[in-house]
Amino acid sequence: GFVSGIKATLISDLSEAQSFLNDYNTMMEVVYSKSIKAAWAFYTNITDHNREVMVAEDLYSDQVAQQAARNASQYNLTIMDQTMRREFIKIMDIGSAAQTDPVKQTRLKEVLSEMETIYSTAKVCIGDGECLPLEPDLTRLFATSRDHDVLLAAWQGWRDASGAKMKELYTEFVTLSNEALAILGHADTGAYWRSDYDSPEFEEEVRVLFEQLRPMYEQLHAYSRRKLMEIYGRDKFPESGHIPAHLLGNMWAQEWLNLVDDFMPFKGKPSMDVTKEMVNQGYTPLRIFQLADDFFGSLGMIRMPPEFWNGSMLEKPTDGREVVCHASAWDFYNRKDFRVQQCTDITQSDLETVHHEMGHVEYFLQYKHLPLQLRGGANPGFHEAVGDVISLSVQTPEHMKSIGLLSTIGNDTESDINFLMSMALQKIAFLPFGYLIDQWRWSVFRGDTSPEEYNDHWWDLRCRYQGVSPPVERSSSDFDPGAKYHIPANTPYIRYFVSFVIQFQFHKALCNASGYTGPLHRCDVYNNTEAGKVLGDMLKLGSSKPWTFAMQQMTGQATMDAQPLMEYFEPLLEFLRRENGNDYGWHPHCPTFKRSVGDNSAFSVLPSTISIVATI
Ligand SMILES: CC(=O)N[C@@H](CC(=O)O)C(=O)NC[C@H](CC1(C(=O)N[C@@H](Cc2ccc(O)cc2)C(=O)O)CCCC1)C(=O)O
Ligand SMILES: [Zn+2]
């Protein structure tokens with residue numbers, strides 16, 4: 001038969017292509033900033049009206065993006081240089097905005113904003129009719145309570161109030177999202193997300209990194225399990241070696257810093273938790289943000305502009321408004337408005353988060369001169385790493401003392417181990433969690449996990465990789481993934497696993513640039529403009545080059561590498577190995593729950609033949 005259709009002649013005039021890009025940037029800055037302002041209005045005041053306006057604005061910007069993608073496809077990419085071609089490809093790859101069916105496109109946005117609303121307004125009602133929101137109440141409860149039953153009620157109540165209410169919505173979302181992305185030829189939503197890492201072997205690369213880091217996590221898990229058994233009694237722990245998920249000081253057991261005082265290896269040393277000192281010194285959210293801003297300034301980097309201080313929401317409103325309290329950083333894509341929204345609490349954890357969010361804004365500021373489509377991280381993991389790299393310097397005992405949050409710096413080995421323990425409870429504890437969330441989501445998006453299997457697969461991954469188990473029996477009407485912000489918010493998560501690896505590569509590069517030669521975990525680059533220049537030069541690239549180029553420029557190698565992270569924690573690993581001996585590891589499968597009535601231990605005793613085995 002005849003070749004159907006006529007291959008339209010592509011535009012091969014570079015000056016025309018450039019003027020298309022100029023017009024695109026001018027137009028999309030207006031369209032995107034209007035849409036993002038509507039999203040900001042909703043996030044900072046959750047009402048039906050604001051949700052409808054946000055959805056409507058988003059629909060409009062999708063249509064404009066679709067038209068721009070169609071126009072861009074008329075240009076001949078083969079005659080362009082790499083950067084211009086990169087820009088055209090990004091203009092055409094509009095993600096879920098590709099859905100041209102208005103009913104489906106509207107429904108997709110409504111489902112997402114509905115899940116976001118359920119999550120952000122969920123509360124747990126305890127005995128006396130008081131209903132607690134996640135922030136700050138449940139977060140504080142998990143940080144401070146050591147009452148097993150109170151923690152269990154909060155853990156279960158949160159999942160009933162959030163995840164359990166959105167299982168059908170999430171199932172509908174998966175179908176709508178995959179349909180939209182299939183229009184662009186993406187196999188599924190997960191494939192589209194992974195395309196940000198420019199590597200067909202990306203899944204294998206992160207699996208290799210995780211396997212390299214697993215032994216270190218196992219050692220921390222074993223030590224933590226023993227410490228928790230001293231607090232809660234051995235009978236609260238299953239024979240399988242898992243740690244019940246509600247006992248780790250965090251709603252998702254993703255970071256264990258709140259247990260630092262209980263886990264401190266050597267007592268009688270100054271506490272590594274500066275929360276009390278922050279409260280005693282009358283810290284305010286604003287002061288924490290000014291502290292972070294001062295650090296960026298000390299590196300010779302860009303300080304937050306007036307629009308940041310005037311436009312941001314730095315603490316939870318007290319006027320009764322419902323807001324999204326999960327912290328976030330906002331680029332309005334108009335090269336003027338940059339904000340953070342955070343219900344900042346006066347805690348060390350939030351001191352961390354403030355630096356994390358400001359790291360995003362620093363990136364926005366450093367690349368704001370680039371064309372709109374190149375204003376992004378070299379890859380999403382880079383964007384997540386910036387603030388955390390600064391925080392690695394801030395949290396050193398030296399820096400904490402210099403800002404008056406720590407009275408003495410113990411330089412003896414024991415104090416050093418105590419400090420490394422506090423960092424491990426944030427960074428090592430997180431690794432399996434950072435890894436497993438998108439293992440679950442990728443398998444859901446590619447159809448390997450059906451809605452009936454959603455919760456079972458989630459717990460299989462939690463038991464296998466994280467060594468935590470559900471403290472009460474779960475049923476298929478539960479949807480525990482939905483109890484974690486990023487699932488209803490549809491924010492990819494492997495970026496955090498990548499960040500937790502590469503932030504140590506960045507830290508090492510900055511420390512080397514600053515001329516520091518001591519142990520990596522005690523390096524503080526505060527006030528060092530050489531370090532600031534190395535970091536700033538990488539941030540200025542935005543997403544104009546492949547991330548391997550940015551990595552090479554900054555660290556001298558073009559790959560992700562777990563070695564700097566391992567080097568940082570080496571002294572602690574030796575300590576943990578000595579402490580743990582052969583007592584480490586857990587059974588790869590979740591413990592089963594006894595059916596018989598009346599038994600007090602919720603977990604069955606696995607046949608004695610299955611001893612606690614190192615994960616296979
Ligand atoms: C408009 C928009 O959405 N913007 C994006 C940023 C962008 O893409 O430009 C954004 O603001 N995302 C929100 C998210 C918030 C936080 C988070 O969710 N963290 C993870 C994992 C983690 C934990 C510890 C840690 O030290 C670092 C990360 C979690 O808490 O599970 C809350 C705490 C810190 C960061 C963020 O900032 O990444
Ligand atoms: Zn982030």
Side-chain angles (χ1 to χ4, degrees), residues 32-33 35-40 42-44 54 58 112 116 119-120 134-135 139 142 193 196 250-258 292 312-313 324-333 337-345 347-368 375-392 394-395 422-423 425-438 466 481 483-504 507 539 542-543:
Y32 278 155
S33 60
S35 170
I36 291 166
K37 279 192 172 114
W40 174 268
F42 171 67
Y43 271 63
T44 56
M54 174 179 71
D58 225 24
L112 282 170
E116 181 85 62
Y119 184 92
S120 297
L134 180 65
E135 304 204 32
T139 302
F142 269 86
W193 287 0
D196 282 341
N250 174 280
M251 181 61 88
W252 308 277
Q254 71 179 66
E255 293 156 79
W256 308 345
L257 180 64
N258 288 317
S312 292
M313 184 200 100
V324 174
C325 262
H326 194 86
S328 56
W330 296 65
D331 184 352
F332 286 77
Y333 286 106
D337 294 308
F338 308 94
R339 299 178 191 170
V340 163
Q341 178 194 7
Q342 184 173 343
C343 301
T344 312
D345 205 1
T347 64
Q348 172 162 354
S349 170
D350 269 20
L351 174 69
E352 261 269 282
T353 301
V354 165
H355 285 85
H356 179 95
E357 297 311 330
M358 198 168 280
H360 285 304
V361 180
E362 184 65 29
Y363 220 152
F364 301 152
L365 294 168
Q366 294 275 356
Y367 61 47
K368 72 179 196 307
R375 292 182 217 160
N379 73 38
F382 275 61
H383 229 300
E384 298 310 332
V386 181
D388 283 15
V389 169
I390 301 302
S391 194
L392 288 175
V394 169
Q395 293 201 74
S422 75
M423 295 309 293
L425 295 176
Q426 297 171 60
K427 301 297 182 182
I428 305 295
F430 180 81
L431 293 170
F433 188 75
Y435 179 71
L436 71 85
I437 289 200
D438 280 351
Q466 209 179 349
K484 175 61 193 169
Y485 174 80
H486 296 69
I487 303 291
N490 195 38
T491 305
Y493 209 82
I494 200 69
R495 57 182 60 179
Y496 299 111
F497 178 77
V498 168
S499 161
F500 274 52
V501 172
I502 67 177
Q503 64 186 244
F504 289 90
H507 184 54
L539 299 181
S543 59

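Every value quoted in this text rests on a predicted model; they were computed, and no experiment measured them. Counting starts at 1 for both ligands and their atoms, in listed order.
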According to the interplanar angle, ranging from 0 to 90°, do the rings of Phe433 and Tyr493 count as parallel (below 30°), tilted (30 to 60°) or perpendicular (above 60°)?
-> perpendicular

Geometric class of the Tyr333/Tyr32 ring pair [parallel <30°, tilted 30-60°, perpendicular >60°] | tilted

Consider every N or O of [X] and every N or O of ligand 1, then say whether any pair is closer than 3.5 Å.
{"X": "Glu255", "value": "no"}
{"X": "His486", "value": "yes"}
{"X": "His383", "value": "no"}
{"X": "Ala329", "value": "yes"}
{"X": "Lys484", "value": "yes"}

Residue pair Asn250 / Glu255, side-chain donor-acceptor N/O under 3.5 Å = no

Classify the side-chain pair Gln395/Glu352 by whether it contains a donor and acceptor separated by less than 3.5 Å.
-> yes

Where the closest heavy atom to atom 31 (O) of ligand 1 is concerned, which of Tyr485, Trp252, Tyr493, Tyr496 has it?
-> Tyr493

Have a look at the Zn ion (ligand 2) and estimate, to 10 degrees, the angle subtended by NE2 (His356) and OE1 (Glu384).
-> 100°

Audit row: Gln254, Gln466, side chain to side chain donor-acceptor pair (under 3.5 Å) steps and yes/no = CA-CA 9 Å; Gln254 71 179 66; Gln466 209 179 349; over 6 Å; no

